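Data block below; observations after.
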Amino acid sequence: MNTSACAWLRASGRRLLAASLPLFAALALSAPLLAQGACPSGNVRVAPDSRYLLAAPGPVGENVVIDLETSLVWKQCRQGLSGAGCAAGNLSALNWSAALTAADAEVHAGFDDWRLPNRTELRSLVERGCWFPAINTTLFPGIGTADVWTSTTRFADSTQSWVVGFNQGSPSFLSKADTANVRLVRGGAGLEG
């Protein structure tokens, strides 16, 4: 490369960096806002508070959330968490097999028929009007944005299962040997998934 071409590349790189600095600064300032979540006022809510019923049919503090649209009953907290605001306990990150075992062993709110939701059931909790997290945080507090297991095995590769990431509510898949969070469900007619 000749000297003039090198000089042009250095000058272009400096101009690009200078032009990008305001964008980088804006992103850095908005990072805390993204971490807190965003539900713009103009966005239509698909999972408003009125869609759910919070109930405590069993021991005190063992809350469930009934989805009035799907008739599914959800544990309010992800596996390992409990109490007001799902602030007590330690969040469980389990591989897929351990998640299935935990669901089979779970007794919560007087019920022992908890299970992993299928992909369609878990995606029904996604609040498309919000992100970071993309879920109703009033009824499902302490959700975070981590991937959550479904019971649905990926058709193209049986060593993988579908997960839903509640940062933007996007489905993806993980190796069943990887770990993800667990949210249990029971009842309902079941949604095809």
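Remember, it's a predicted structure, so these values are computed and weren't measured experimentally.
K176 and S158 share no donor-acceptor pair across their side chains, judged by distance under 3.5 Å alone.
A centroid separation of 6.0 Å or more is found between the aromatic rings of F166 and F132.
In this structure, the side chains of W74 and L125 come closer than 4.5 Å at one or more pairs of heavy atoms. A heavy-atom distance below 4.5 Å is not found between the side chains of D147 and N181. Taking 4.5 Å as the limit, some side-chain heavy atom of P40 sits within range of a side-chain heavy atom of W131. With a 4.5 Å cut-off on side-chain heavy atoms, V163 and R119 do not count as touching. Taking 4.5 Å as the limit, some side-chain heavy atom of L122 sits within range of a side-chain heavy atom of V148.
Residues R115 and E121 are paired through a salt bridge, judged by an N-O separation under 4.0 Å between the basic side chain and the carboxylate. Using a cut-off of 4.0 Å between Lys/Arg side-chain N and Asp/Glu carboxylate O, E62 and K75 are scored as not salt-bridged.
In terms of heavy-atom proximity, L174 sits nearest to W149 at CB-CH2, 3.8 Å. Nearest heavy atom pair, residue G169 against residue A134, reads N-CB, 3.6 Å. Residues G83 and C77 share a closest heavy-atom pair of O-SG, 4.1 Å. The shortest non-hydrogen separation linking T70 to R51 is CG2-NH2, 4.2 Å. Considering every non-hydrogen atom in both T138 and N136, the closest pair reads N-OD1, 2.9 Å.
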Check against side-chain contact (heavy atoms from CB on, under 4.5 Å), V64 and Q76: CA-CA 5 Å; V64 298; Q76 184 179 34; over 6 Å; no
Q160 vs S172, test: side-chain contact (heavy atoms from CB on, under 4.5 Å). Steps then yes/no. CA-CA 10 Å; Q160 298 176 331; S172 61; over 6 Å; no
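In this structure a side-chain-to-backbone donor-acceptor pair under 3.5 Å is missing from W114 to A102. In this structure, R183 contributes its side chain and L116 its backbone to no donor-acceptor pair below 3.5 Å. Under the 3.5 Å distance criterion, the side-chain polar atoms of Q168 are left unmatched by any main-chain donor or acceptor of S170.
Other residues, nucleotides and ligands contribute at most 12 non-hydrogen atoms within 6.0 Å of the CZ atom of R123. No more than 12 heavy atoms of other residues, nucleotides or ligands shown are found within 6.0 angstrom of CZ on R128.
Identified under the side chain to side chain donor-acceptor pair (under 3.5 Å) test for residues 92-103, with sequence neighbours left out: W96-S161.
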